[in-house]
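Here the structure is laid out as structure tokens; the discussion comes afterwards.
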Amino acid sequence: MVGKGKVHNNLGELLHTKPLPTGSLKVSVDIALEKDALLPHPDDVSDATLLGDAIGSFVAWPTDLIIVGYETPTKSKAKDKGIAREIESVASQKEIPVAKKTEISKRTEAKKKNPSKYRACLHTYLETTDISDGCVRLIPMDGAIFGFEYAEPLGKEDFDQILYHTQLSVGVINTYMRYLYDKLMGPRGLEQRFSFLNPMKTNLTEMIRKPDEVRTYVVERFMADTDREKLFFLPFNTGDGGHWLLVAINPFKEIVYYLDSLHNDWTTYPAMKTIVDTIIQTVRAQRKIQVPKRKANNITWNRVECPRQRNNIDCGYYTLRFMKETLLMDRTDIPSDYFDEYRCAYYSKDQLDEIKEELCQFIIELQVL
């Protein structure tokens, strides 16, 4: 037995937009009992080759090497950096060999041993709280951020994602959007030109199951600002803890900017494109904008050549940087080859660490712990 995790498979399940290998299931790695064990199917967009490098992410695992409901001894929480959750499956490797540590795993360990300033502070704060016992903290969300007032709950898994660089939840994404609203939009008066859509209400699962509710929510947000041009950020999730990408919508000009760190295009998610087009057409009708019938579907979609992620974890961090950099540029249009000031092949470790530092500092400043 080399690790523990959860099976997430549904009919037609994809692993980062690609079909799973034959005879495999999509699993999330929670605990690595043998961190140096080779992954049976390394993701071709990921640098991870060892089980220890895949903690907190999704991987493909051969069905015959998965034992559901089996318990094995685990290391103490103080030593194990996996996500502390109820374990539902255990992965074995049979004849898959154990390799020596690669440079990747060494870099991963070095990263975890040297947390930056505010991550270290947040880690210290959390050790004095009841978060590890399953309690949560509530992040207040002003009604101006998403169009309704509520409190965003953050628990141990959410905090661990920031501290140990694992795939981000919607709670962390929403908290960072409040950070952008408080620290960038408000002080610079950008709330007149930019706004947010709540990804919990607009992810792929909601679009398929509750399309009318999604349309109603987004149309109301758009119609509240019909007298001026505005860019709406929609961090879009493919559902069930899947891939994050950014859809930025200018309903005034009927332009949609598509930023995907996997460099797919919108045809990968036809349900998303259909409902966004329908929403824009509904807003057009409510604004009483007349267009020729032959141009009724002429909504412009621009695929932006944005920085590309190099593993299967970073999509959430990339999505957050896309929003931040657009706000810093103060432009409601996003060039097809991205902004010159931020153009790069991929984000560096320091650029992604900057997001985590901002989150940790903001959470500490909110005094919710």
Side-chain angles (χ1 to χ4, degrees), residues 141-150 152 170 173-174 177-178 180-181 185 190-240 242-260 264-304 319 322-323 326-327 331-334 336:
M141 293 290 177
D142 187 90
I145 302 174
F146 295 121
F148 59 97
E149 187 175 332
Y150 78 106
E152 185 71 53
V170 67
I173 296 287
N174 287 344
M177 283 195 280
R178 183 189 157 176
L180 291 176
Y181 185 86
M185 292 175 64
L190 298 179
E191 67 270 25
Q192 302 300 316
R193 291 165 52 77
F194 300 91
S195 195
F196 297 114
L197 297 171
N198 191 303
M200 181 65 77
K201 286 181 167 289
T202 52
N203 60 55
L204 184 60
T205 302
E206 294 296 300
M207 287 182 175
I208 294 173
R209 294 178 180 175
K210 304 174 182 178
D212 292 340
E213 292 185 15
V214 174
R215 279 194 294 269
T216 298
Y217 167 64
V218 179
V219 167
E220 288 179 354
R221 290 287 284 161
F222 287 175
M223 289 300 296
D225 291 284
T226 56
D227 58 337
R228 59 177 174 267
E229 183 180 343
K230 198 169 190 180
L231 191 67
F232 289 81
F233 293 119
L234 166 57
F236 179 76
N237 190 272
T238 58
D240 195 25
H243 177 57
W244 286 103
L245 56 91
L246 180 64
V247 178
I249 307 169
N250 185 330
F252 188 88
K253 289 187 175 180
E254 300 189 354
I255 298 176
V256 182
Y257 300 98
Y258 182 91
L259 296 87
D260 188 343
N264 295 315
D265 60 37
W266 53 83
T267 59
T268 310
Y269 311 104
M272 179 267 294
K273 183 180 187 302
T274 297
I275 199 164
V276 170
D277 285 348
T278 301
I279 288 168
I280 293 175
Q281 291 167 351
T282 302
V283 171
R284 178 197 299 163
Q286 293 192 16
R287 292 175 61 206
K288 298 181 180 180
I289 303 297
Q290 300 294 325
V291 298
K293 188 174 181 180
R294 67 180 182 279
K295 295 184 178 181
N297 295 323
N298 282 7
I299 296 169
T300 303
W301 283 71
N302 290 338
R303 178 179 175 273
V304 178
T319 297
F322 295 156
M323 289 190 289
T326 304
L327 289 171
R331 289 177 55 175
T332 56
D333 67 298
I334 303 176
S336 296

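Keep in mind that the numbers below use all heavy atoms, side chains included, and drop hydrogens, waters and symmetry copies.
A search for side chain to side chain contact (heavy atoms under 4.5 Å, CB included) contacts involving Met200 returns Val170, Asn198, not counting sequence neighbours. With sequence neighbours left out, Thr300 forms a side chain to side chain contact (heavy atoms under 4.5 Å, CB included) with Ile255, Asn302. With sequence neighbours left out, the salt bridge (Lys or Arg N to Asp or Glu O under 4.0 Å) criterion links Asp265 to no other residue. Partners of Lys201 under the salt bridge (Lys or Arg N to Asp or Glu O under 4.0 Å) rule, at least two apart in sequence or in another chain, do not exist in this structure. Residues that satisfy the side chain to side chain donor-acceptor pair (under 3.5 Å) test with Arg303, not counting sequence neighbours, are Glu305. Tyr257 is linked by a side chain to side chain donor-acceptor pair (under 3.5 Å) to nothing, counting only residues two or more places apart in sequence or in another chain. The ring pair (Phe, Tyr, Trp, His ring centres under 6.0 Å) search around Tyr181 returns none, not counting sequence neighbours. Judged as a salt bridge (Lys or Arg N to Asp or Glu O under 4.0 Å), and not counting sequence neighbours, the contacts of Asp333 are Arg331. Looking at residues two or more places apart in sequence or on another chain, you find a side chain to side chain donor-acceptor pair (under 3.5 Å) between Asn250 and Glu229. For the ring pair (Phe, Tyr, Trp, His ring centres under 6.0 Å) test, no residue two or more places apart in sequence or in another chain qualifies with Phe252. Listed by chain and number, the residues in a ring pair (Phe, Tyr, Trp, His ring centres under 6.0 Å) with Phe222 are Phe232 (sequence neighbours excluded). Qualifying side chain to side chain donor-acceptor pair (under 3.5 Å) partners for Asp142, counting only residues two or more places apart in sequence or in other chains: none.
Contact record, Phe196 with Tyr217: O-OH, 4.4 Å, taken as the closest heavy-atom pair. Pairing each heavy atom of Ile334 with each of Ala248, the nearest pair is CD1-CB, 4.1 Å. Between Thr238 and Leu204, the closest heavy-atom pair is O-CD2, 3.4 Å.
In terms of modelled atom types and a separation under 3.5 Å, the side chain of Lys230 and the main chain of Glu191 share a donor-acceptor contact.
Annotation: side chain of Met272 is in contact with side chain of Tyr258 (closest heavy-atom distance under 4.5 Å). Two residues are said to be in side-chain contact when any heavy atoms from C-beta on lie closer than 4.5 Å; Phe236 and Trp266 fail this criterion. Residues Ile275 and Arg215 meet the side-chain proximity criterion, which asks for heavy atoms closer than 4.5 Å.
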